[in-house]
Student: 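First, the structure itself, so that you have it in front of you.
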Amino acid sequence: MPHLTLPSGITVTAVDTTEPTSRPPIVFVHGMFGGAWYFEKFQRCFAERGYASYALNLRGHHGSRAVADIGTVSVLDYVDDVLEVVRALPQTTIGVRPIVIGHSMGGLIAQKVAEAGAVSAAVLLASAPPRGIRVLSPRLLLLARTFGVPILASRGLYPKPSDADDLVFNHIPADERAGLFDRFAPESGRAAREMAFSTIAVDARKVTCPVLSVGATDDHMVQPRVGLAIARKYGALYEEFPDQGHFLVWEPGWDAVARQVLSWLDALTPCA
């Protein structure tokens, strides 16, 4: 997959279609500890259906735009990264707004990008919620033993394999988990605090593009009630996948999720 670097240092993995297409491009936005690699499977699948795509590494992740202290980065800084990628797309110069697809923290970032009027549609996969929707659960509160101090002090976060196995990889085959964990990157304590306490506001009146919210019944990180509440906030469609976990962009069954998203995108009128 071609890797691009923007002037600011933001790195992007681009996947083109094999044939010319009039479909809008897609910008994929990863979640906490992640990277563009999250969407390797989705990007290949979407290219086959005529969607060129660009998966970025948010600043401080996998060599993208160096930061002095990852712990102090805000979700809003990440929003700026995505808007920069959107502005850099060739299609943007001819008036075709892209689609944004965000997973987990990337879903909250996608909501802010939609609020800015920068995209033609938004897909929110197991998304972190904006202000007004509670995400904390008893399971997440247990993480205070590991992450409480660095979150409150805006330090870098470094997950433990056991936490990742429970919260993210619970539907990933056991023999794949260590390899995926090795691909994780440090994350921002400040961004985690903003999500844990739902401090990032989104004005639903400014989100005028179509929105799809996707949840999973066995998601240990973001409970399905959160995805449903997000859908209600925007008057959007909510799709829930049984027997899927938080890492629904990779785990077995990811292709069913991708096909459902593609069907929704294909049905949009107008297409772009």
Side-chain angles (χ1 to χ4, degrees), residues 1-5 10-15 26-48 53-67 70-71 73 78 81 101-107 109 125-128 139-140 142-143 145-147 150 156-189 191-192 195 214-222 241-259 261:
M1 295 182 179
H3 299 282
L4 313 174
T5 303
I10 294 295
T11 59
V12 180
T13 298
V15 177
I26 293 173
V27 176
F28 285 106
V29 189
H30 66 80
M32 291 183 68
F33 309 110
W37 66 269
Y38 267 28
F39 299 104
E40 290 173 6
K41 297 178 180 182
F42 267 52
Q43 285 193 277
R44 288 192 293 266
C45 178
F46 278 60
E48 292 172 359
S53 64
Y54 303 83
L56 76 153
N57 291 299
L58 297 169
R59 68 181 68 188
H61 294 71
H62 300 285
S64 187
R65 192 176 181 177
V67 296
I70 187 66
V73 175
Y78 292 148
D81 294 343
I101 298 179
H103 173 255
S104 195
M105 177 178 71
I109 295 166
L125 304 173
S127 177
R139 199 178 215 116
L140 289 181
L142 291 176
L143 291 176
R145 295 173 299 185
T146 303
F147 293 136
L157 300 182
Y158 304 88
K160 296 188 298 185
S162 58
D163 291 330
D165 286 351
D166 178 46
L167 294 170
V168 183
F169 298 150
N170 58 309
H171 277 259
I172 293 288
D175 60 352
E176 294 183 33
R177 294 178 182 180
L180 293 175
F181 182 82
D182 287 343
R183 302 178 80 173
F184 271 10
E187 192 49 77
S188 165
M195 288 183 289
V214 176
T217 59
D218 201 25
D219 188 338
H220 292 179
M221 178 74 78
V222 180
F241 285 83
D243 304 317
Q244 296 288 154
H246 188 66
F247 208 36
L248 72 179
V249 297
W250 192 282
E251 64 193 32
W254 71 268
D255 50 336
V257 179
R259 286 195 302 270
V261 172

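Nothing fancy with the numbering, it's 1 onward along the sequence. Model, not experiment: these values are computed from the prediction.
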Student: Taking atom types as modelled, find out whether H62 and N57 have a side-chain donor-acceptor pair closer than 3.5 angstrom.
Tutor: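 Short answer, no.
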Student: Indicate yes or no: at least one non-hydrogen side-chain atom of V261 is less than 4.5 angstrom from one of I101.
Tutor: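 Sidechains of I101 and V261: in contact.
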Student: Does any non-hydrogen side-chain atom of V73 lie less than 4.5 Å from one of R59?
Tutor: yes
Student: Write down the atom of F241, the atom of V257, and the distance for their closest heavy-atom approach.
Tutor: CZ-CA, 3.7 Å
Student: Run the ring-centre check on H61 versus Y38 and record whether the distance is less than 6.0 Å.
Tutor: no
Student: Quick one: closest heavy-atom pair of F181 and F169, and the distance?
Tutor: N-CE1, 3.9 Å
Student: Between atom CG of D243 and atom NE2 of H171, what is the distance when rounded to the nearest 0.5 Å?
Tutor: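 Taking CG in D243 and NE2 in H171, the distance rounds to 6.5 Å.
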Student: Rounded to the nearest 0.5 Å, what's the gap from CZ on R177 to CD1 on I172? Could you check?
Tutor: 8.0 Å
Student: Of all the heavy-atom pairs spanning G34 and A185, show the shortest one and how long it is.
Tutor: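 Minimum heavy-atom contact is O-CB, 4.3 Å.
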Student: Work out which heavy atom in E176 is nearest to a heavy atom in W250; give both atom names and the distance.
Tutor: OE1-NE1, 4.0 Å
Student: So, Q43 side chain and T13 main chain: donor-acceptor pair closer than 3.5 Å or not?
Tutor: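 Side chain of Q43 to backbone of T13, a donor-acceptor pair under 3.5 Å: yes, one is there.
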Student: Is there a salt bridge (Lys or Arg N to Asp or Glu O under 4.0 Å) between R183 and E40? Walk through the geometry before answering.
Tutor: CA-CA 13 Å; R183 302 178 80 173; E40 290 173 6; 2.6 Å; yes
Student: Would you check if F33 and P159 make a side-chain contact, meaning some heavy-atom pair closer than 4.5 Å?
Tutor: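 A side-chain contact under 4.5 Å exists here.
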Student: Under 3.5 Å, is there a donor-acceptor pair between the side chain of S188 and the main chain of I70?
Tutor: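 Yes; judged by distance alone, with no hydrogens or angles, the pair exists.
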Student: Test your reading of the model: is there a side-chain donor-acceptor pair from E251 to the backbone of G245, 3.5 Å cut-off?
Tutor: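 The answer is yes, because a donor-acceptor pair under 3.5 Å joins these two groups.
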Student: Given side chains that start at C-beta, do those of M195 and M105 come closer than 4.5 Å, heavy atoms only?
Tutor: yes
Student: Donor-acceptor pair, distance only, cut-off 3.5 Å: does the side chain of S64 make one with the backbone of T11?
Tutor: yes
Student: Just by modelled atom types, is the D219 backbone N or O under 3.5 Å from a matching donor or acceptor in the H246 side chain?
Tutor: no
Student: Check A36 against A55 and note the closest heavy-atom contact, atom names and distance.
Tutor: CB-O, 3.3 Å
Student: For the residue pair M32 and E187, what are the closest heavy atoms and their distance?
Tutor: CA-OE1, 3.3 Å
Student: Kindly indicate, with the supporting measurements, whether the criterion side chain to side chain contact (heavy atoms under 4.5 Å, CB included) is fulfilled by I26 and Y54.
Tutor: CA-CA 6 Å; I26 293 173; Y54 303 83; over 6 Å; no
Student: Hey, is the main chain of D218 close enough, under 3.5 Å, to the side chain of N170 for a donor-acceptor pair?
Tutor: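 Looks like yes, one N/O pair under 3.5 Å.
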Student: Drop me the distance from I109's CD1 to L56's CG, to the nearest 0.5 angstrom.
Tutor: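 So the CD1 of I109 and the CG of L56 are separated by 8.0 Å.
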Student: Using 30° and 60° as the class limits, which term best fits the ring planes of W37 and F247: parallel, tilted or perpendicular?
Tutor: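 Answer is perpendicular, since the angle exceeds 60°.
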Student: Test your reading of the model: is there a side-chain donor-acceptor pair from H30 to the backbone of L58, 3.5 Å cut-off?
Tutor: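 Yes; at least one donor-acceptor contact below 3.5 Å.
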Student: What is the ring orientation for F42 with F39, classed by angle as parallel under 30°, tilted 30 to 60°, or perpendicular over 60°?
Tutor: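 The arrangement is perpendicular - the two ring planes meet at more than 60°.
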Student: The test is side chain to side chain contact (heavy atoms under 4.5 Å, CB included); show your working for I10 and T5 and say whether it passes.
Tutor: CA-CA 6 Å; I10 294 295; T5 303; over 6 Å; no
Student: Does the side chain of S127 reach to within under 4.5 Å of the side chain of S104, using non-hydrogen atoms?
Tutor: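 S127 does not reach S104 side chain to side chain.
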